[in-house]
Amino acid sequence: MATCFESIDKECITALVFPKSDVLSKKEAIQQRIDELKLALSFGNLDYFKIKIYFEDNKSKKVVEATVCGVTNKRVIINRGVGIPINRIYRTFKFYN
């Protein structure tokens with residue numbers, strides 16, 4: 001999965017354009033994404049672990065390494081208040097430094 005995703009710095013995300021459509025279509029995948037985001041928020045709040053977030057803007061698939069600081073109904077908030085629309089996220093993965 002990771003080989004087709006371009007790495008991006010979290011500071012560059014604010015310049016991206018995100019379509020309104022969801023990148024996932026299956027209910028099971030959407031539920032898994034929600035569960036992973038809740039877990040990522042726990043990791044961020046408790047231990048400040050960075051998470052790899054795989055997402056897509058209007059041009060290509062990207063991955064960012066960041067700490068999840070918050071999750072709303074529509075966005076994931078990472079470091080410095082940067083937001084990524086939940087409907088544009090494929091998966092999240094915890095990794096160890």
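All values below come from the heavy atoms of this structure, side chains included, with hydrogens, waters and symmetry mates left out.
- The side chain to side chain contact (heavy atoms under 4.5 Å, CB included) check on Asn73 picks up nothing, with sequence neighbours excluded.
- Across all their heavy atoms, Arg88 and Ser21 have their closest contact at NH1-O, 2.7 Å.
- Here Glu56 contributes atom CD and Lys61 contributes atom NZ; the two are 6.0 Å apart, rounded to the nearest 0.5 Å.
- With rounding to the nearest 0.5 angstrom, the CG atom of Asp57 is 9.5 Å from the CD1 atom of Ile13.
- A distance of 10.0 Å separates CD1 of Ile51 from CG of Leu41, quoted to the nearest 0.5 Å.
- In this structure the side chain of Thr92 never reaches within 4.5 angstrom of the side chain of Leu39, judged on heavy atoms.
- In this structure, Phe18 and Phe55 have tilted ring planes: the angle between them lies in the 30° to 60° band.
- In this structure, Asn79 contributes its side chain and Thr67 its backbone to a donor-acceptor pair below 3.5 Å.
- Put simply, NZ on Lys10 and CD1 on Ile78 are 7.0 Å apart, with the number rounded to the nearest 0.5 Å.
- The side-chain heavy atoms of Val23 and Ile89, taken from C-beta on, include no pair separated by under 4.5 Å.
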Does Ile8 form a side-chain contact (heavy atoms from CB on, under 4.5 Å) with Leu16? I'd like the steps, not just the answer. CA-CA 11 Å; Ile8 186 171; Leu16 300 179; 3.8 Å; yes

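- In this structure, Ile84 and Val64 have side chains that are in contact, with non-hydrogen atoms separated by less than 4.5 Å.
- Under the side chain to side chain donor-acceptor pair (under 3.5 Å) criterion, the residue pairs touching residues 28-44 are Asp22-Arg33, Gln31-Asp35, Gln32-Glu36, Glu36-Arg91, with sequence neighbours excluded.
- Rounding to the nearest 0.5 Å gives a distance of 10.5 Å between SG of Cys69 and CZ of Arg80.
- Smallest separation of non-hydrogen atoms from Pro85 and Arg75: CG-NH1, 3.5 Å.
- Here the closest non-hydrogen pair linking Leu24 and Ala29 is CD1-O, 3.6 Å.
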